[in-house]
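Numbered from 1 within each chain, the chains take letters A, B, ... in sequence-line order. Note that the structure is a prediction, hence the values are computed from the model and not measured.
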2 protein chains.
Amino acid sequence: MSTEEKIKKTALSLFLEKGFERTSIRDIALKAKINIALLNYYFRSKENLFNSIFSGLLEKYTPTLNGILGSSLPIEEKIHLYVGEYIDILLENPKLTYFVLSVLHRNPDKITQMKIFQSLYNTGDFSKQFMEEVRKGNIKEVDPTQFFINMLSLITFPFTIKQVIMEKNHMNEDTFKQFMHQRKQVITDMLLLTIKK
Amino acid sequence: MSTEEKIKKTALSLFLEKGFERTSIRDIALKAKINIALLNYYFRSKENLFNSIFSGLLEKYTPTLNGILGSSLPIEEKIHLYVGEYIDILLENPKLTYFVLSVLHRNPDKITQMKIFQSLYNTGDFSKQFMEEVRKGNIKEVDPTQFFINMLSLITFPFTIKQVIMEKNHMNEDTFKQFMHQRKQVITDMLLLTIKK
DNA sequence: TATTGTTTTAAACGTTTGTTTAAAATAATT
DNA sequence: AATTATTTTAAACAAACGTTTAAAACAATA
């Protein structure tokens, strides 16, 4: 593995675990077994390293999700696929949700957020289709914005309180996974129920 | 206002806005117009100051919510009240949800979490009542854990992406408030629909 | 093999961090 | 009024931070 890759990989794991502020470049260098100066040699600054990593994450995960929303599938099928795929992604990377929230909290300036929520909160196609189905009388008259936020909340929030859920319900990593797999159906059923006429 | 109160109030506003790590005790001292050393005179450390503030917040907000869950009201009424009250609290303090999440993320050690989620994730009474209603055949057979997480997710998560919601839907502070007030009904309806036979 | 370009290193840079000190100012008590 | 206790102050502390320097090691090229 190249030095650049080693830095990125190590930095990501530390950023996910401890957050940006509590991860020092010396932590990264130590764990990646590289010299501190290499960090500023490949990436110009810690901030730059972080942005590079974050962009990489977005490019890795958002195309699949946006592909589902932008497809020509019926709305019920989209919901079903979106919920399943999103939960699968977060099961592989449970700290991703808090990671994104921390980015939003750290960079409240609008321009920086643009790129983030353009790919992570991409409702354009979905809302159009949703309203069209309402117009046709196929589904109940529900606010698409509220609906999308419902979907996002039900999928992602549980991962931000994963430890609490696990301890309160005496789960281990495996039973939590199981619980989240069950949850796919719970969420899909719930969402479809609210729009079913 | 006493010096101690000034410190606490100022520190809370900065912790909410910028987070624990990015708030220095010099920031606090400057904004509160007090000497840095007073911070360690009244509270022994920055960490201690934070814990004191956090405990205060829990004591302020959790009794109302746990009072609702622990009451002898019918389950449908509990849900309705809980959703309304919780959203009202978060509308007054929109950054509270992320604040709590950041505490969970910063202190993954179990003991510290105990106090937090014993008051913020207090499902004992509620789950019992829920299962009793299921047994009686009054509501659908739904997993109370999934149900409670649904409720929590739908209420709290939108506040963690408040800025995104606002910018994506061209809202200002007022229209966001309006949106969240509408959301009370949306969530309550949704939750009741999932358990209604 | 000599030369150029790239990567890695050890060491230091100036700031900022949370915390402590010890004296000064103020308030409370006798 | 004198003494004690409490509160506030300016200044310094050591440690940690992100970043930079300049030389060394290595690789690529001619």
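Distances shorter than 4.0 Å separate some side-chain N or O of Y42(B) from OP1 or OP2 on dT8(D). Phosphate contact (OP1/OP2 of dG18(D), side-chain N/O of N40(A), threshold under 4.0 Å): absent. For dT7(C), neither phosphate oxygen OP1 nor OP2 lies less than 4.0 angstrom from any side-chain nitrogen or oxygen of T3(A).
For N35(B) and dA23(C), the CG to C1' distance is 13 Å, given to the nearest whole Å. Atom CD1 of I7(A) and atom P of dT9(C) are 10 Å apart (whole Å). Note: CZ (F43(A)) to P (dT8(C)) measures 12 Å, nearest angstrom. The CG atom of L38(A) sits 15 Å away from the C1' atom of dG18(D) (whole-angstrom rounding). The CG-C1' distance, from L39(B) to dT9(D), rounds to 14 Å in whole Å. Here dT9(D) presents its P atom at 13 Å from CG of L30(B), a figure rounded to the nearest Å. A straight line from CG of N48(A) to P of dG18(D) spans 14 Å, rounded to a whole angstrom. Atoms CD1 (I36(B)) and P (dT21(C)) sit 16 Å apart, rounded to a whole Å.
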| field | N150(B) and S153(B): CA distance, side-chain angles, deciding distance, side chain to side chain donor-acceptor pair (under 3.5 Å) verdict | value | CA-CA 5 Å; N150(B) 290 343; S153(B) 304; 5.7 Å; no
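Within 4.0 Å (heavy atoms only), S2(B) reaches no atom of the nucleic acid at all.
Contact check on D27(A) versus K18(A) returns a salt bridge, with a Lys/Arg side-chain nitrogen under 4.0 Å from an Asp/Glu carboxylate oxygen. A salt bridge links R106(A) to E21(A): at least one charged side-chain nitrogen sits closer than 4.0 Å to a carboxylate oxygen. With respect to E173(A) and K162(A), a salt bridge is recorded, a charged nitrogen being found less than 4.0 Å from a carboxylate O.
Both the sub-6.0 Å distance and the 45° axial angle are not jointly satisfied by K95(A) relative to the ring of F15(A).
Here the nucleotide nearest the side chain of K46(A), chosen from dT9(C), dG18(D), dT19(C), is dG18(D). Set against dT17(C), dG18(D), dT6(C), the side chain of Y41(A) has dT6(C) as its closest nucleotide.
When each of R26(A) and K33(A) is assigned the nucleotide of DNA chain C with its nearest heavy atom, K33(A) is the one assigned upstream, toward the 5' end.
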